[in-house]
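Reviewing the structure listed below.
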Number of protein chains: 2
Amino acid sequence: MSLRHALLGLLSEHPASGYDLLKRFETSLANVWPATQSQIYTELTRLAGTGLITVAAEGPRGRKEYALTDDGLEELRCWLAESRPQRTTRSDVLLRVFFLGVLEPGPARIFLDDLATSSYQSHEELRDLVESVDWDDDNLSVYGRIALEYGLRFHAMRREWAQWAAEQVK
Amino acid sequence: MSLRHALLGLLSEHPASGYDLLKRFETSLANVWPATQSQIYTELTRLAGTGLITVAAEGPRGRKEYALTDDGLEELRCWLAESRPQRTTRSDVLLRVFFLGVLEPGPARIFLDDLATSSYQSHEELRDLVESVDWDDDNLSVYGRIALEYGLRFHAMRREWAQWAAEQVK
DNA sequence: GTAAACATGTAACAGGTTACATGATTGT
DNA sequence: ACAATCATGTAACCTGTTACATGTTTAC
């Protein structure tokens, strides 16, 4: 259950409300770990119940500002340093490729060409994002930049692969 | 819901029992779309209920051999050609990278070094697999080879990225 | 005879999505 | 006054995981 750790991670930067966190999920975390409003509020209530976070302040409109507790920070560190990421990565794209032989070569090539195009677009979007941010030397910048670099390399790899794959289909 | 389509895809090659399909999921599909025994049997019953597959034969030990129907093939083609893969890809690894600033540079580097190592190992395993199979010219081979090539490129990319990232952390 | 492999099914639970429901504050 | 934004909560439903439960056939 990584949503829990995503929330702890965001709160380790500074206290925030459910609404603030939702906005962070919609922007910076959207491509890494999407989460819905419903899920975020439910999980925050649970985390507060187990003492990993607390309601540090209350504001207008029922706003509750959550802050990380010592236990919460410990849990976050533990997750980062001691547990191995063991994600069984499901790939919708690769599953389709696996069965592309069901289609005629024409439609199969279209699928791969589209994939190359959308990978290129994603790459360009990330490139624009990288250029629009001014990266300083703090931790958020360093690791944010590293995560973005992953995205750039991933989409470049996928584009080249899709182009190569389209050529294999005759 | 792609499990449904994975099952239709496998059955498009030839009729099979739940048990046969389970074995295919444990081997060829393990890295693309993992599924449990429980899930497979439940989904097969549902697919038979909606007429996308039928029980074509019954064998010893209660074995039920399922075959794709015309409706099932149509549904499979439709999924491949008409629907866009829109998978919101969750990455446990990238989520951790995002919050790596919570750790000291030492443990953070260890995390990235470990990632480079495990990517290298995955790459080698796939390379061995590619070399052990004799690829002929049928559809399964062509698209199976293309899917494997994706894995090779993916792990190579991730290894290089993790090595680069480790260097950024001083 | 007995272990391994074949073969299926179901129940409980955890995580994620969609939709509904409500209300307060701010800016124009 | 009205719309946009801030702000939270819950219910229904779907997908996926773990564990339990059962029985047959084959090979040694």
Side-chain angles (χ1 to χ4, degrees), chain A residues 1-8 10-11 15-27 29-50 53-66 79 83 85-92 95, chain B residues 1-8 10-11 15-27 29-50 53-67 79 85-92 95:
Chain A
M1 197 203 342
S2 290
L3 171 66
R4 156 185 251 104
H5 298 109
L7 289 168
L8 294 175
L10 289 175
L11 288 174
S17 68
Y19 192 82
D20 296 336
L21 294 165
L22 174 61
K23 295 298 149 188
R24 296 284 318 263
F25 271 92
E26 283 170 356
T27 52
L29 283 181
N31 299 305
V32 170
W33 204 271
T36 60
Q37 175 262 333
S38 155
Q39 225 185 332
I40 292 168
Y41 281 101
T42 308
E43 189 61 34
L44 283 171
T45 306
R46 202 174 334 180
L47 281 168
T50 58
I53 61 176
T54 43
V55 179
E58 305 207 21
R61 286 172 283 201
R63 177 189 169 93
K64 285 190 266 181
E65 200 166 65
Y66 292 98
W79 172 68
S83 71
Q86 37 86 55
R87 177 108 203 113
T88 41
T89 172
R90 286 191 170 83
S91 170
D92 189 352
L95 185 63
Chain B
M1 198 202 341
S2 292
L3 171 66
R4 153 184 254 104
H5 298 110
L7 289 168
L8 295 175
L10 289 174
L11 288 174
S17 68
Y19 192 82
D20 295 336
L21 294 165
L22 174 61
K23 296 298 149 187
R24 296 282 319 261
F25 271 92
E26 283 169 356
T27 53
L29 282 180
N31 299 306
V32 170
W33 204 271
T36 60
Q37 174 263 333
S38 155
Q39 223 184 332
I40 293 168
Y41 282 101
T42 308
E43 190 61 34
L44 284 171
T45 306
R46 202 173 335 179
L47 281 168
T50 59
I53 62 177
T54 42
V55 179
E58 304 207 22
R61 285 172 285 202
R63 178 188 169 93
K64 284 190 265 183
E65 201 166 64
Y66 293 99
W79 172 68
Q86 38 86 50
R87 176 108 203 111
T88 41
T89 170
R90 286 190 169 81
S91 169
D92 189 351
L95 185 63

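To find a chain, count down the sequence lines: A is the first, B the second, and so on, and within it residues start at 1.
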Item checked: Closest nucleotide among dT26(C), dT8(D), dT25(D) to the Arg61(A) side chain -> dT26(C)
Notebook entry, point to check: Could you give the CD-to-P distance, from Glu26(A) to dA7(D), as a whole number of Å?
Noted result: 13 Å
Note to self: Distance check, rounded to the nearest 0.5 Å: Ile53(A) atom CD1 versus Glu65(A) atom CD?
What the structure shows: 11.5 Å
Next item on the list: Give the nucleotide from the list dA7(D), dA11(C), dT8(C) with an atom nearest to the side chain of Ser38(B).
Entry: dA11(C)
Note to self: Under 4.0 Å between a side-chain nitrogen and a carboxylate oxygen: does that hold for Glu43(A) and Arg4(A)?
What the structure shows: yes
Checklist line | Asp92(B) CG - dG16(C) P separation (whole Å) | finding: 11 Å
Margin query: For a side-chain contact (heavy atoms from CB on, under 4.5 Å) check, start with the C-alpha distance between Ser2(B) and Trp33(B), then their side-chain angles and the critical distance, and finish with the verdict.
Written below: CA-CA 8 Å; Ser2(B) 292; Trp33(B) 204 271; 3.5 Å; yes
Check: In whole Å, what is the span from the CZ atom of Arg63(B) to the P atom of dG9(C)?
Finding: 13 Å
Check: So, does the side chain of Gln37(B) form a donor-acceptor pair with the base of dG9(C) at under 3.5 Å?
Finding: yes
Item checked: Gap between atoms CD1 and C1', on Ile40(A) and dT10(D) respectively (whole Å) -> 16 Å
Note to self: Side chain of Thr45(A), heavy atoms from C-beta onward: which of dG9(D), dT8(C), dT18(C) has the nearest atom to it?
What the structure shows: dG9(D)
Margin query: Closer than 3.5 angstrom, by distance alone: can the side chain of Tyr41(B) be matched with the main-chain N or O of Tyr19(B) as a donor-acceptor pair?
Written below: yes
Checklist line | Length of the CD-C1' vector between Glu43(A) and dG9(D), whole Å | finding: 15 Å
Check: Mapping Met1(A) and Gly62(A) to their closest nucleotides on DNA chain C, which lands nearer the 5' end?
Finding: Met1(A)
Checklist line | Contact nearer the 5' end of DNA chain C, comparing Thr88(B) with Lys64(B) | finding: Lys64(B)
Check: Which nucleotide, dT8(C), dT10(C), dT10(D), lies nearest any side-chain atom of Thr42(B)?
Finding: dT10(C)
Item checked: Nucleotide dT15(D), atom P - distance to CG of Leu47(B) in whole Å -> 11 Å
Note to self: Looking at Arg24(A) and Glu26(A), is any side-chain nitrogen of the basic one under 4.0 Å from a carboxylate oxygen of the acidic one?
What the structure shows: no
Note to self: Under 4.0 Å, counting only non-hydrogen atoms across every strand here, what does Arg90(B) touch: a base, just sugar-phosphate, or nothing?
What the structure shows: sugar-phosphate
Check: Hey, does Phe25(B) have a side-chain heavy atom less than 4.5 Å from the side chain of Leu10(B)?
Finding: yes
Checklist line | Closest listed nucleotide, where the reference is the side chain of Tyr19(B) and the choices are dT8(D), dG16(C), dA5(C) | finding: dA5(C)
Next item on the list: For the side chain of Thr36(A), starting at C-beta, report the closest nucleotide among dA7(D), dT8(C), dT17(C).
Entry: dT17(C)
Check: When the nearest nucleotide of DNA chain D is assigned to Ser2(B) and to Lys23(A) on a heavy-atom basis, which residue is associated with the more 5' position?
Finding: Lys23(A)
Notebook entry, point to check: For Arg4(A) and dG16(C), is the shortest distance between a side-chain N/O and OP1 or OP2 below 4.0 Å?
Noted result: no
Check: Can you check the Asp20(A) CG to dC6(D) C1' distance for me, whole Å?
Finding: 10 Å
Check: Which of the following nucleotides, dT24(D), dG16(D), dG9(D), is nearest to the side chain of Trp33(B)?
Finding: dG16(D)
Check: Can you check the Gln39(B) CD to dC20(D) P distance for me, whole Å?
Finding: 19 Å
Item checked: Nearest to side-chain heavy atoms of Tyr41(A), which nucleotide of dT8(D), dT15(D), dT8(C) -> dT8(D)
